[in-house]
Amino acid sequence: MKKPSKRYTLHQGDALSILRNLPSASVDAVITDPPYCSGSQTMAGRKRPTGAKYIGTDTKRQLPDFEGDFRDQRGFLAWASQWMTECHRVTKPGGLLLSFIDWRMLPTITDAVQVAGWVWQGIVVWDKTAGCRPQRGRFRAQSEYVVWASRGPLHTSVHPVVLPGVFQESPRPKDKLHQVGKPLRLMESLVEIVPPGGTVLDPFMGSATTGVASLRSGKQFIGAELSPGYYDLASTRLAAEE
Ligand SMILES: C[S@@+](CC[C@H](N)C(=O)[O-])C[C@H]1O[C@@H](n2cnc3c(N)ncnc32)[C@H](O)[C@@H]1O
């Protein structure tokens, strides 16, 4: 299923199959937030429903579970290497990959970035601030990461923007449309790395927060989502931006 439009195109289905049908060197950046497949040290723990893994028992508002969050480290490495290889082909030379991840899966995803042929450029920190739930006897799990990379050398003269390496933004559960949806303001800051009028691809768009941020900053957007429910939500959300 495909909904064409002037400023965005959405696909419902498996990201890898969809990516394989996109033309080479056609997008300026892949900005994405894949299922982290995190949440436990044991395989049984990882296979729990996403709501049980990522949502606190004190959270009253229940949002639907999402797809694809079950792989072990080796499975994740092989799978992420595959979709990142396709993303690399689809991205223009000098274009960018930004992928969210948490601390547990950080080493695995940075391996995948390099297996897929990207030039790994660094890690941006999303500081979720002290608003995050404290945990007794532990450091607060206050940060997530954005691994970023380029297809070949960076073309810094094309869009010589200067951006921070740490973004402070508290996740506001009340504003979330997806169990692990990212704050819109955070995404609006991150898409600034893309040249004006560029095209952003998110193969794991969820509720399409990246899509909203891209459209609001005058970019084009291509998104994919496996879950029909979240695909419908993303479609409605982006239609409201037109
Ligand atoms: C971490 S969430 C993205 C949340 C998004 N950033 C937001 O703000 O709403 C990852 C999404 O990828 C989807 N997904 C998982 N496996 C997929 C696959 N193979 N193809 C396409 N989408 C997939 C999940 O259903 C989930 O909605």
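Numbering of ligands and ligand atoms starts at 1, following listing order. Heavy-atom basis, side chains included; hydrogens, waters and symmetry copies ignored. Since we're looking at a predicted model, the values are computed, not measured.
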Has ligand 1 got any nitrogen or oxygen that is less than 3.5 angstrom from a nitrogen or oxygen of [X]?
X: L226; answer: yes
X: E67; answer: yes
X: H178; answer: yes
X: T210; answer: no
X: T209; answer: yes
X: F66; answer: no

- prompt: Going by heavy atoms in the side chains, are V180 and T50 under 4.5 Å from each other?
  reply: no

message: Any non-hydrogen side-chain atom of P35 less than 4.5 Å from a side-chain atom of W79?
response: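 P35 reaches W79 side chain to side chain.
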
query: Are any of the side-chain nitrogens in R89 or E86 under 4.0 Å away from the carboxylate oxygens of its partner?
result: yes

- request: Check whether any heavy atom of A234 sits under 4.0 Å from an atom of ligand 1.
  value: no

message: Using heavy atoms and a 4.0 Å limit, tell me yes or no: is M205 in contact with ligand 1?
response: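 It does; at least one heavy atom falls under 4.0 Å.
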
query: atom 18 (C) of ligand 1: which of T50, I31, D14, D69 has the nearest heavy atom?
result: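 That would be D14.
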
- request: Check each of C37, S17, A15 against atom 20 (N) of ligand 1 and report the one with the nearest heavy atom.
  value: A15

Please list the nearest protein heavy atom to [atom] with its residue and the distance rounded to 0.1 Å.
atom: atom 9 (O) of ligand 1; value: S207 OG, 2.6 Å
atom: atom 11 (C) of ligand 1; value: E225 OE1, 3.5 Å
atom: atom 10 (C) of ligand 1; value: D33 O, 3.2 Å
atom: atom 12 (O) of ligand 1; value: F204 CB, 3.4 Å

Quick one about [Y] and [X] (side-chain donor to acceptor, distance below 3.5 Å, no hydrogens or angles considered), yes or no?
X: S38; Y: D102; value: yes
X: E241; Y: Y8; value: no
X: D202; Y: T32; value: yes
X: R237; Y: T209; value: yes

- prompt: Which pair of non-hydrogen atoms, one from W118 and one from L96, has the smallest distance, and what is that distance?
  reply: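 Here W118 and L96 meet closest at CZ3-C, 3.8 Å.
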
At a 4.0 Å threshold, what atoms of ligand 1 neighbour a non-hydrogen atom of [X]?
X: G181; value: 7 (C), 8 (O), 9 (O)
X: V180; value: 1 (C), 2 (S)
X: G13; value: 20 (N), 21 (C)
X: P34; value: 1 (C)
X: P203; value: 21 (C), 22 (N)

task: Name the orientation class of the two ring planes belonging to W126 and F100 (parallel below 30°, tilted from 30 to 60°, perpendicular beyond 60°).
output: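 The rings of W126 and F100 stand perpendicular, inter-plane angle above 60°.
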
query: In Å, rounded to the nearest 0.5 Å, how long is the span from CG of N21 to CG of L16?
result: 10.5 Å

field: Reported CZ-to-CG distance for the pair F221 and L10, which is rounded to 0.5 angstrom
entry: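 Nearest 0.5 Å value for the CZ-CG distance: 6.5 Å.
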
query: So, does D28 use its side chain to make a donor-acceptor pair with the main chain of G95 at under 3.5 Å?
result: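 No.
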
